[in-house]
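What follows is a short report on a single structure.
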Amino acid sequence: MMNFKDRNISSKATMLDALKRMDSINKKLLIVNEGSFFVGLISIGDIQRALLKNIPMTTVLTEIMRKEFVVGYESENEVHIRSKMLENRIELYPIVNEYGEIQKIYFWEDIFEDQKPLRRSSFQLPVVVMAGGLGTRLRPLTNVLPKPLLPIGNKT
């Protein structure tokens, strides 16, 4: 479990405060709290959506953040936490007590540290080349073959 104190931000902070914090710690997700009580999470996406709605940068975070969050409780075991994080692709999973106080935070890196990313050469990803139009720029080749059947390397 990593130190999460640098990811904390007050529920009274503004969007600008959150952007400055995200920039200073190079993270895109912050924990919004009131003292030791969990209020929610604010992401760079929440701020971007607010900006697109022309909401001022001086707006308090609680006005723009999502209202629903996935949180864990002290009674959960690590297997449940792991499956919940994987199922929901959760970057950080706050554990709270019955009063809503943050007890600890599980980070994706902590739970899935043993998983190595797949090498790019191991991906089997099909590619589709869109070939609409008459193929006039490829003449005289398209006088003989339709554009989708023109060879690229050893394949059409």
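Computation of the quantities below employed the complete heavy-atom set of this structure, encompassing side-chain atoms and omitting hydrogens, waters and symmetry-equivalent molecules. Count residues from 1 along the sequence.
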message = Does S43 form a side-chain contact (heavy atoms from CB on, under 4.5 Å) with R66? I'd like the steps, not just the answer.
response = CA-CA 9 Å; S43 70; R66 287 169 277 156; 3.6 Å; yes
message = Using a 6.0 Å cut-off, check whether atom CD of E78 has over 12 heavy atoms from anything other than its own residue.
response = no
message = Can you confirm whether M85 sits close enough to E87 that some side-chain heavy atom of one is under 4.5 Å from a side-chain heavy atom of the other?
response = no
request  = For the residue pair L51 and M15, establish whether any side-chain heavy-atom pair is separated by less than 4.5 Å.
outcome  = yes
request  = Would you kindly confirm whether L138 and V144 end up in one hydrophobic cluster when ILVMFWY residues are joined by side chain heavy atoms under 4.5 Å apart?
outcome  = yes
Heavy-atom side-chain proximity of N8 to V32 below 4.5 angstrom = no
query = How close do N97 and Q103 get, heavy atom to heavy atom, and via which atoms?
reply = ND2-NE2, 3.0 Å
message = Are L16 and L30 connected into the same hydrophobic cluster when the rule is that any two of I, L, V, M, F, W, Y join if their side-chain heavy atoms are below 4.5 Å apart?
response = yes
query = If you group Ile, Leu, Val, Met, Phe, Trp and Tyr by side-chain heavy-atom gaps below 4.5 Å, do V70 and F37 land in one group?
reply = no
key: Any K84 side-chain heavy atom under 4.5 Å of Y93 side chain   = yes
query = Once you round to the nearest 0.5 Å, how far does OG of S10 lie from CD1 of I31?
reply = 13.5 Å
request  = Please examine the side chains of I44 and M22, heavy atoms only from C-beta on, and report whether any two atoms are closer than 4.5 Å.
outcome  = yes
request  = For the pair E91 and R7, find out whether any cationic side-chain nitrogen is under 4.0 Å from an anionic carboxylate oxygen.
outcome  = yes
query = Between D46 and R49, is there a salt bridge with N-O shorter than 4.0 Å?
reply = yes
message = I'd like to know whether OH of Y73 has more than 12 heavy-atom contacts from other residues, nucleotides or ligands below 6.0 angstrom.
response = no
query = Below 4.5 Å, heavy atoms only, C-beta onward: do L92 and W108 meet side chain to side chain?
reply = no
inquiry  = I'd like to know if the side chain of D17 reaches the main chain of T14, judged simply by a donor and an acceptor atom lying under 3.5 Å from each other, with no hydrogens or angles considered.
reply    = yes
task = Write down the atom of S11, the atom of T62, and the distance for their closest heavy-atom approach.
result = O-CG2, 3.6 Å
task = Could you state whether L86 and Y106 fall into the same hydrophobic cluster, counting links through intermediate Ile, Leu, Val, Met, Phe, Trp or Tyr residues with side-chain heavy atoms under 4.5 angstrom apart?
result = yes
ask   = In the single-linkage hydrophobic clustering (I, L, V, M, F, W, Y; side-chain heavy atoms under 4.5 Å), do V60 and V39 co-cluster?
value = no
remark   = Looking only at heavy atoms, the pair that brings L145 and P151 closest together is CD1-CD, 4.3 Å
query = Less than 4.5 Å apart, any side-chain heavy atom of L61 and any of I9?
reply = yes
key: Any side-chain heavy-atom pair of T136 and T142 under 4.5 Å   = no
inquiry  = Atom NZ of residue position K155 - does it have more than 12 heavy atoms of other residues, nucleotides or ligands inside 6.0 Å?
reply    = no
